[in-house]
Amino acid sequence: MNRIVTLDEFIIRRQKDYPLASGELTGLLRDIGVAAKIVNREVNKAGLVNILGVAGAENATGDMVQKLDLYANEKLIECLRNSGECCGIASEEDEDFVPIPPVVGKPSKYVVVFDPLDGSSNIDVNVSVGTIFGIYRRVSDVDGPVQREDFFQKGTELVAAGYVLYGTSTLLVYSTGRGVNGFTLDPSIGEFCLSHQNIQIPSRGNYYSVNQGYYLKFDVEMRRYIDHCSDLNLRLRYIGSMVSDVHRMLFQGGIFLYPNTRKYPHGKLRLLYECNPLSFIVEQAGGRAMTCNLDRILDISPVDLHQRVTIAIGSPDMVDEMKEFVMRYKAVPI
Ligand code: AHG
Ligand code: MN
Ligand code: MN
């Protein structure tokens, strides 16, 4: 039998690859792993303890907030606040970023951005949801509180990013910029165990993932590309939880699209909390991620904490093909 490698052990092993590493990032990743286990526990028993359903409020970007979103948000903030390895957080659920004072006087150099629960409309019907996170090194003076510029960094500046998928099993996938690795939670021992080493996205796949219900609201070039996917007999899969759709694509290949619509003229998905971390992971696995205007997601300079962008993300050959469609049809009048 192969020896089990736990997430903690793996992270510590990796730290030894960086002789100058202080252990702060290692500690932060471990704390996120702990928060993921807590959220996982609640997601699993959500139906039993009456935390399903809409909490009745709207989040900072105008979506209805589910009770479990709030719970996951609180737990993540609590874990990061107590960890001492993080000096500020920005969450999809909070209007502004939250500075975190140093624990035992030691200033930290990292900020964390996250979507505490992605795909929250799926909770009530027992379908997969996830947590997405990104970690940046702060750029402001380490002795003062965090500043806006610490969060307004391009995705290329991510030190680490990852996601947790609460699916048929619970999986944590992360990258520190040297490949992508996945860990499955073994509930019998309460540990994330290395299950997917050095994940590589297939160069193309048989799936495309888009909310086809909005087809008529998409620009002509996106409609032509979606028609092309259909002509190729690609299988349409759309869970309504980006993290789950991107996860499938990471392993089986494919493309995920969220173009602009009339309701969301700049796209729906958030640059900081969803698109950047998942683009970092997908690029690290050999894939591509760009906007429907063909800008690389990771190169966008954020101007708003809750900025939305359009996205096409997935297998490199398929994203390249989408790019050709955009270049061919963009100027064509409808
Ligand atoms: P969240 O639950 O964090 O608000 O995110 C939901 C997002 C994303 O996960 C998903 O792909 C998309 O919204 C679905 O939007 P539509 O229902 O408009 O397709
Ligand atoms: Mn989300
Ligand atoms: Mn969310």
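Start at 1 and go down the list; that is how both ligands and their atoms are numbered.
- Considering backbone and side-chain atoms together, V243 places no N or O closer than 3.5 Å to any N or O of ligand 1.
- The closest side-chain donor-acceptor pair between D186 and S188 falls under 3.5 angstrom.
- Every residue two or more places apart in sequence or in another chain that forms a side-chain contact (heavy atoms from CB on, under 4.5 Å) with S128 is listed here: L165, S244.
- Residues S121 and V125 come closest through the heavy atom pair O-CG2, 4.4 Å.
- Under a 4.0 angstrom heavy-atom cut-off, L117 registers as being in contact with ligand 1.
- In this structure, a donor-acceptor pair under 3.5 Å is present between the side chains of E24 and S108.
- For ligand 1, the polar-atom distance check against S121 finds no nitrogen or oxygen pair separated by under 3.5 Å.
- At a 4.0 Å heavy-atom cut-off, ligand 1 touches D118 through backbone and side chain alike.
- Excluding waters, the protein N/O/S atoms found under 2.8 Å from the Mn ion (ligand 2) are D115 OD2, D118 OD1, E274 OE2.
- Between F10 and F183, the ring-plane angle classifies as perpendicular under the 30° and 60° cut-offs.
- Taking D299 as the reference, R296 meet the salt bridge (charged side-chain N to carboxylate O under 4.0 Å, His left out) condition, with sequence neighbours excluded.
- In this structure, Y214 and F218 have perpendicular ring planes: the angle between them is above 60°, well past the 30° mark.
- Residue-level proximity to ligand 1 for S120 is carried by backbone and side chain together, each with a heavy atom below 4.0 angstrom.
- The side-chain tip of R328 points at the ring of F325 from less than 6.0 angstrom away and within 45° of straight on.
- Among residues at least two apart or in separate chains, there is no ring pair (Phe, Tyr, Trp, His ring centres under 6.0 Å) pair with a member in residues 100-149.
- Distances from atom 18 (O) of ligand 1 to the heavy atoms of F256, Y273, Y258, Y264 put Y258 nearest.
- The proximity of L269 to ligand 1, defined as any non-hydrogen pair under 4.0 Å, is limited to the side chain.
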